K.L.:
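One structure is given below, represented as C-alpha cells, and several questions about it will come after.
Predicted model only: the values in this text are computed from it and were never measured. We name chains A, B, ... by the order of the sequence lines, and we start the count at 1 in each one. Basis for what follows: all heavy atoms, side chains included, without hydrogens, waters or symmetry-related copies.
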2 protein chains.
Amino acid sequence: MVEEDPGVSIGTLARQSGCKIETIRYYERIGLICSPPRTAGGHRVFATADRKRLTFIRRARALGFTLGGVKELLRLVDSGAYGCAEIHDLAAGHLKEVRGKIAELQRLEATLSDMTSHCERGERPDCPIIDALSDSLVGKPRA
Amino acid sequence: MVEEDPGVSIGTLARQSGCKIETIRYYERIGLICSPPRTAGGHRVFATADRKRLTFIRRARALGFTLGGVKELLRLVDSGAYGCAEIHDLAAGHLKEVRGKIAELQRLEATLSDMTSHCERGERPDCPIIDALSDSLVGKPRA
DNA sequence: CCTTGAACCTGTAGCGACTACAGGAATGAG
DNA sequence: CTCATTCCTGTAGTCGCTACAGGTTCAAGG
C-alpha cells in the first residue's frame, strides 16, 4: 500500500489553490506553511496536503481573518485534538470585529451621505462639504 | 495693520489639531503640508493656517478619505476657484467606496454568522467551521 | 548666568499582507 | 539540443503611520 503523491510545481499549486505564486512563497517565509522539498535544481515540490492547507488559508483570508487569526486556526487544526469551542470562539471574535467595522463604516456613510446631499454641485465658492471639513477656512500653504 | 502670528511649536500644533507630532512631520515629508520656517536652532514654527489645514486633513481622514483623496481635496481648495462640482464628485466617489466596503463586510458577516451558529461549541472533533473552511480535510504540514 | 528637564531634531526600521521587479537558473516539450 | 516557459533568490515598494535611538535646543527656575 504505497501511496504515491507525485507532487506539483508552485505554479500548479497556485492555480489549484487560488493563491498567487509570490503569496505562497511569502506564506512559506513567514512559516504559515512548511518549506517543501526541492528538486535537484532547487524547484519546490508540493504535495496534496499543501493544496488543502492553502485552500483553507485562502478561504479563511476571504472571510477577513488576519494571518495571525489564520495561524491560530491552523494551530488548533494541526494539534489534532481541537475542540469546537476554541474554533468557535476565534470565529465569534472575528465576527464581532467585522460587525464593529460595519458599524463604523455605516457612521461614515451617514455623514458622507448627508454632506453630499447638501451639496448640489452648484458653482458657489462656499461648498458645504468644504465647510464641514474646514475650521471656517482652510489655511492655505505658505506661498 | 500688522497682523502678528506668533507661531507655535509642533507639540502645540499637535494638541490643537489632534494629529500626532510624528504624523505632522510625516505629512510634511510627503508634501501634504508645507515645510514651516525654523528657529535658529532648527525647531519648526507653525502658523495659524497650518492648524486649520491639519484640522481639515484630520477630519477628512476620519471620514475615511485616503491621503491621496485628501491631497485632491486640498488641491481643489488651494486652487481657490474650486466649484462645488469637483468636491461633490470626490466625496460621492468616496461614498460609493464606503458603501461597497459595507456590502462586502455584510457578506462576510452573514457567512461567519451562519458558520458560528452551526457550531455549538460541542466537543466533537468534526467542527462545522473547520469543515466549511476545509477541502474535506486540511493538509497537515510535513512532520 | 547656569542648570536642568522637557521638548524638539534627524534618520531609520517596523507593522500587515502582500506585490513587483531584476537578474539569473532549471525545466520540459518539440 | 534548443528554447520558451517556469522557477529561483533577494530586494524594494505599497499605505499610513508609529516607534525607536541618539543627539540638540529651548524655556523656566534658582
Side-chain angles (χ1 to χ4, degrees), chain A residues 6-33 35-47 50 53-54 56-74 94 97-98 101 104-105 108, chain B residues 6-33 35-47 50 53-54 56-74 94 97-98 101 104-105 108:
Chain A
V8 296
S9 70
I10 196 170
T12 304
L13 182 64
R15 279 186 293 278
Q16 287 176 350
S17 68
C19 299
K20 291 192 180 178
I21 290 176
E22 294 87 354
T23 306
I24 295 173
R25 284 198 284 245
Y26 171 69
Y27 286 165
E28 181 189 340
R29 205 161 64 239
I30 65 171
L32 208 56
I33 62 175
S35 296
R38 306 286 187 116
T39 64
H43 287 201
R44 290 170 180 81
V45 181
F46 291 95
D50 297 309
R53 195 174 181 83
L54 273 174
F56 181 94
I57 295 170
R58 196 182 46 71
R59 287 184 189 160
R61 289 286 300 128
L63 285 173
F65 281 94
T66 63
L67 283 186
V70 175
K71 226 165 195 165
E72 277 297 291
L73 285 171
L74 285 171
H94 177 53
E97 278 179 23
V98 169
K101 278 184 196 166
E104 196 186 325
L105 284 176
L108 297 194
Chain B
V8 295
S9 69
I10 196 171
T12 305
L13 182 65
R15 278 186 294 279
Q16 288 176 350
S17 68
C19 299
K20 293 192 179 178
I21 289 177
E22 295 86 354
T23 306
I24 296 173
R25 284 198 285 246
Y26 171 69
Y27 287 166
E28 181 188 339
R29 206 161 63 238
I30 64 171
L32 207 55
I33 61 174
S35 296
R38 305 287 186 116
T39 64
H43 288 201
R44 290 171 180 81
V45 181
F46 291 96
D50 297 309
R53 196 175 181 83
L54 273 174
F56 181 95
I57 294 170
R58 196 182 46 72
R59 288 184 187 159
R61 289 285 301 129
L63 286 173
F65 281 94
T66 63
L67 283 187
V70 175
K71 226 165 196 166
E72 277 298 291
L73 286 171
L74 285 172
H94 178 52
E97 277 178 23
V98 169
K101 277 185 197 166
E104 195 187 328
L105 284 176
L108 298 193

K.L.:
C:dT27, OP1 or OP2 - any side-chain N/O from A:Thr39 closer than 4.0 Å?
P.N.:
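Indeed, a polar side-chain atom of A:Thr39 lies that close.
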K.L.:
Report yes if a side-chain nitrogen or oxygen of A:Thr23 is closer than 4.0 Å to either non-bridging phosphate oxygen (OP1 or OP2) of C:dT19; otherwise report no.
P.N.:
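Yes, A:Thr23 has a side-chain N/O under 4.0 Å of OP1/OP2 on C:dT19.
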K.L.:
Would you say a side-chain N or O of B:Tyr27 is under 4.0 Å from OP1 or OP2 of D:dC17?
P.N.:
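Checking B:Tyr27 against D:dC17: at least one side-chain N or O falls below 4.0 Å of OP1 or OP2.
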K.L.:
Could you tell me the separation between the CZ atom of A:Arg29 and the P atom of C:dC15, rounded to a whole number of Å?
P.N.:
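To the nearest whole Å, that distance equals 13 Å.
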K.L.:
Rounded to whole angstroms, how far apart are NZ on B:Lys20 and P on C:dA7?
P.N.:
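So the two atoms are 16 Å apart, to the nearest Å.
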K.L.:
When you match B:Arg38 and A:Glu22 each to their closest nucleotide on DNA chain C, which lands nearer the 5' end?
P.N.:
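Closer to the 5' end of DNA chain C: B:Arg38.
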K.L.:
Under 4.5 Å between any side-chain heavy atoms of A:Arg61 and A:Leu67, yes or no?
P.N.:
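When only atoms from C-beta onward are counted, A:Leu67 and A:Arg61 do touch, with a gap below 4.5 Å.
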K.L.:
Can a side chain N or O of B:Ser9 be found less than 4.0 Å away from OP1 or OP2 on C:dC8?
P.N.:
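Checking C:dC8 against B:Ser9, a side-chain N or O does come within under 4.0 Å of OP1 or OP2.
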K.L.:
Roughly how many Å is it from CD in A:Glu28 to P in C:dC18, rounded to a whole number?
P.N.:
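These atoms are roughly 15 Å apart.
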K.L.:
Hey, what do you get for CZ (B:Arg15) to OG1 (B:Thr12), rounding to the nearest 0.5 Å?
P.N.:
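If we round to the nearest 0.5 Å, B:Arg15:CZ and B:Thr12:OG1 are 4.5 Å apart.
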K.L.:
Can you measure A:Phe46 atom CZ to D:dC7 atom C1' for me and round it to whole angstrom units?
P.N.:
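To the nearest whole Å, that distance equals 11 Å.
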K.L.:
Checking B:Phe56 against B:Leu73 for the side-chain contact (heavy atoms from CB on, under 4.5 Å) test, could you report, in this order, the C-alpha distance in whole Å, the side-chain angles of both residues, the deciding distance, and whether it holds?
P.N.:
CA-CA 10 Å; B:Phe56 181 95; B:Leu73 286 171; 4.1 Å; yes
K.L.:
Between atom CG in B:Leu67 and atom P in D:dT14, what is the gap in whole Å?
P.N.:
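Atom-to-atom, B:Leu67 to D:dT14, this comes out as 13 Å.
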K.L.:
Using whole Å, report how far CZ of A:Arg58 lies from C1' of C:dA17.
P.N.:
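In whole Å, C:dA17 C1' lies 16 Å from A:Arg58 CZ.
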K.L.:
Heavy-atom distance under 4.5 Å between the side chains of A:Ile24 and A:Asp50, does that happen here?
P.N.:
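Side-chain contact under 4.5 Å: no.
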K.L.:
Reckon B:Arg25 has a side-chain N or O less than 4.0 Å from the OP1 or OP2 of C:dC9?
P.N.:
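Yes, B:Arg25 has a side-chain N/O under 4.0 Å of OP1/OP2 on C:dC9.
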K.L.:
Closer to the 5' end of DNA chain D via nearest nucleotide, is it B:Gly68 or A:Gly11?
P.N.:
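Nearest-nucleotide comparison on DNA chain D picks A:Gly11.
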K.L.:
Would you kindly give the OH-to-C1' distance between B:Tyr26 and D:dG16, to the nearest whole Å?
P.N.:
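Going from B:Tyr26 (OH) to D:dG16 (C1'), I get 5 Å.
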K.L.:
Reading DNA chain D from 5' onward, which residue's closest nucleotide shows up sooner: B:Thr66 or B:His43?
P.N.:
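Between the two, 5'-proximity favours B:Thr66.
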K.L.:
What is the distance, rounded to the nearest whole Å, between atom NZ of A:Lys71 and atom P of C:dG16?
P.N.:
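Nearest whole value for this atom pair: 9 Å.
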K.L.:
Does B:Arg44 have a side-chain nitrogen or oxygen under 4.0 Å from the phosphate oxygens OP1 or OP2 of C:dC8?
P.N.:
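No.
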K.L.:
Determine whether more than 12 heavy atoms belonging to other residues, nucleotides or ligands lie under 6.0 Å from atom CD of A:Glu22.
P.N.:
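Above 12, so yes.
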K.L.:
Check every strand shown and say whether B:Ile10 touches a base, only sugar-phosphate, or nothing at a heavy-atom separation below 4.0 Å.
P.N.:
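Sugar-phosphate contact only - B:Ile10 comes under 4.0 Å of backbone atoms but never of a base.
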K.L.:
Would you classify A:Ile21 as touching base, sugar-phosphate or nothing, given that sugar-phosphate means primed atoms plus P, OP1 and OP2, and contacts are heavy atoms under 4.0 Å?
P.N.:
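A:Ile21: backbone/sugar contact only, no base atoms under 4.0 Å.
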